[in-house]
Amino acid sequence: MGGAYGSLYDSIGIHEYGGLETARGEISPVNEFLRAWISEWQDFWFLAGRAFANIFRAPHYWDDVALQMEAIGVGSLPIVMLTGFFSGFVITMQMSRALNTYGAVGQVGPIVMITLVRELGPVLTALLVAGRNASGIASELGSMKVSEQIDAMRALGTDPIQKLVTPRLIATCVMLPQLTVVADFLGMVGGFAISYFSLRLTPSQYWTPAYQILELNDFVQGLLKPFIFAMVVALVGCFYGLKTSGGTQGVGRATTQAVVVASVWIFVLTAFITRIFVNL
Amino acid sequence: MSAERASADGPAEATVLEFEGVELSFDHKVLDGVNFRMGAGETRVILGAAGSGKSVLLKVAIGLVPVDSGRVALLGEDITGLEEKDLFAVRANVGVLFQEGGLFDSLTVGDNVAYPLENQQARGLAPAEEVLRRVTEALRFVELEHTLEQYPAELSGGMRRRVGIARAVVTEPPLVLYDSPTAGLDPITANLIMALIAKERDTKGAASLIVTHRYQDGQLMADFRYNSEQGELVRASGDPSKEPRTIFMVMRDGQIVFEGDKTALEKSADPYVRKFVRR
């Protein structure tokens with residue numbers, strides 16, 4: 001029991017996994033790797049479980065939720081708008097070339113809409129928020145960990161998960177779907193700009209088929225994805241932040257890990273969710 | 001290795017902290033069969049080399065790190081195996097100064113010092129209208145009442161440590177834990193910090209557990225008392241019946257290798273123990 005000092009359990013009072021020894025009590029390298037991996041998974045799900053349970057448990061730190069919504073939502077808005085606009089812009093340019101081969105340039109609106117709402121809007125926005133906020137969360141919590149602020153918080157009678165993780169989880173889950181809607185809309189505007197000025201489509205030629213193509217299925221996956229990605233971004237950021245050890249170098253490592261792991265999970269999860277929805 | 005124990009057992013008194021056969025391992029053994037009992041109003045100074053388990057012992061004392069085996073009783077309550085939420089109530093009665101102060105960067109000095117009171121308030125222990133008065137009083141105690149609206153980043157290392165002391169003592173707890181209060185400070189500031197710790201002990205009667213690698217810190221606690229009338233530290237009378245006890249513990253590789261008063265410490269023949277004594 002115990003594990004490495006400075007691990008997550010040290011931050012929030014949980015126990016590490018201890019098992020997988022061979023019959024003679026030795027631990028093989030494979031088992032050691034598996035143990036570390038299982039232990040990390042166990043810690044992550046423990047953190048996630050407590051963060052969700054705290055949503056329904058007092059005390060609630062609504063001021064912190066509002067602060068995080070401002071930092072994650074309002075703070076990310078300019079970059080999300082810019083990225084959304086230019087995504088639509090380039091998709092339209094690329095698609096128009098392919099569609100021109102079949103004389104179907106008029107179908108560019110629906111294609112851009114489907115691409116953005118189902119896939120690119122949620123994924124690009126989540127990646128931006130992961131880069132900006134999973135790193136921010138990990139470095140902030142990591143710095144608090146190495147400067148003993150997390151220990152101080154626990155010593156002063158505050159649950160760090162309740163005070164730090166749950167507000168970030170709520171704020172990200174509320175803001176990321178909204179940011180995605182903004183990115184989708186600005187993407188369509190970007191697509192319209194190129195359609196109108198370069199492809200010479202009229203506004204109704206672009207917007208009308210684009211709106212008509214949308215089905216309930218598109219809205220559901222377009223909003224479900226950012227909601228799930230938000231959980232990943234917030235929880236992965238908090239997990240690596242609270243797991244930080246090894247001083248300022250550890251903070252840098254935690255920040256990098258948070259962004260990499262959150263980004264990879266966004267791609268993996270979008271593939272799974274798309275697989276489910278594409279058959280509906 | 002059995003601990004060298006000298007004059008550590010005093011008269012029967014209320015126990016504020018007790019370790020019984022405490023064992024803890026991470027990659028290696030960090031605490032190895034630690035036993036001691038600390039009485040109310042007593043001062044304990046823990047000396048030891050870096051990595052000997054001093055700071056971990058402090059964290060174990062308030063349940064921040066769970067033990068593998070053994071028993072820890074804090075303020076009369078067995079905290080071994082207690083859930084985190086149940087530990088909060090016990091910890092509310094203990095003051096802690098962390099190594100770097102452990103102040104929250106996002107809060108002002110005033111809010112940092114008010115933090116434990118607000119937690120007590122949430123438990124119905126401290127009236128809301130008293131918070132500002134007690135915060136100001138605690139900051140006056142460490143002579144930093146003018147920093148109320150400042151942020152920790154605007155303060156020097158010594159000042160942050162003093163604010164940390166104010167936060168640790170604002171609830172007037174019966175036990176205060178100090179983790180390396182003088183580490184990384186210049187000698188003048190270090191003496192000022194130790195004088196404040198002695199002042200807290202002698203004006204409020206709190207038991208103090210001090211982790212340090214500086215023998216002078218323990219020496220000051222053992223040899224000096226804060227005189228409220230003169231407003232400064234004076235040499236202790238030397239009469240054990242009139243003075244609060246100061247017990248030294250020396251740690252090595254997770255074990256307590258010495259436990260006793262200053263005289264016994266200075267007489268110890270153990271070469272490791274002698275390294276920490278400046279004559």
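Chain naming here is simple, since letters A, B, ... match the order of the sequence lines and numbering starts at 1 in each. Fair warning: this is a prediction, and the values are worked out from it, not measured in the lab.
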- Given side chains that start at C-beta, do those of A/Leu156 and B/Phe88 come closer than 4.5 Å, heavy atoms only? no
- Query: Side chain, backbone, both or neither: which part of B/Leu177 has a non-hydrogen atom closer than 4.5 Å to chain A?
  - Reply: neither
- Kindly indicate, with the supporting measurements, whether the criterion side chain to side chain contact (heavy atoms under 4.5 Å, CB included) is fulfilled by B/Asp105 and A/Gln149. CA-CA 9 Å; B/Asp105 292 333; A/Gln149 291 179 51; 3.0 Å; yes
- Nearest heavy-atom neighbours spanning A/Ala152 and B/Arg167: CB-NH2, 3.5 Å
- Item | Atom CZ of A/Phe185: over 12 foreign heavy atoms under 6.0 Å | no
- Message: Within a 6.0 Å radius of atom OH on A/Tyr61, are there more than 12 heavy atoms belonging to other residues, nucleotides or ligands?
- Response: yes
- Looking at A/Met153 and B/Tyr115, what are the two nearest heavy atoms and their distance? CG-OH, 4.1 Å
- Quick one: closest heavy-atom pair of A/Ala155 and B/Ile62, and the distance? CB-CD1, 3.9 Å
- Query: Does atom CG of B/Asp111 have more than 12 heavy-atom neighbours from other groups under 6.0 Å away?
  - Reply: yes
- Message: If I measure from the heavy atoms of chain A, does B/Gln99 come under 4.5 Å with its side chain, its backbone, both, or neither?
- Response: both
- Item | Neighbour count above 12 (heavy atom, 6.0 Å) for A/Gln249 CD | no
- A/Arg154 side, atom CZ; B/Glu84 side, atom CD - distance, nearest 0.5 Å: 4.0 Å
- Message: Using side-chain heavy atoms (C-beta onward) and a distance below 4.5 Å, is A/Thr158 in contact with B/Phe104?
- Response: no
- Within 6.0 angstrom of B/Leu148 CG, more than 12 heavy atoms from elsewhere: yes
- Query: Can B/Lys59 and A/Asp151 be counted as an ion pair, charged N to O under 4.0 angstrom?
  - Reply: yes
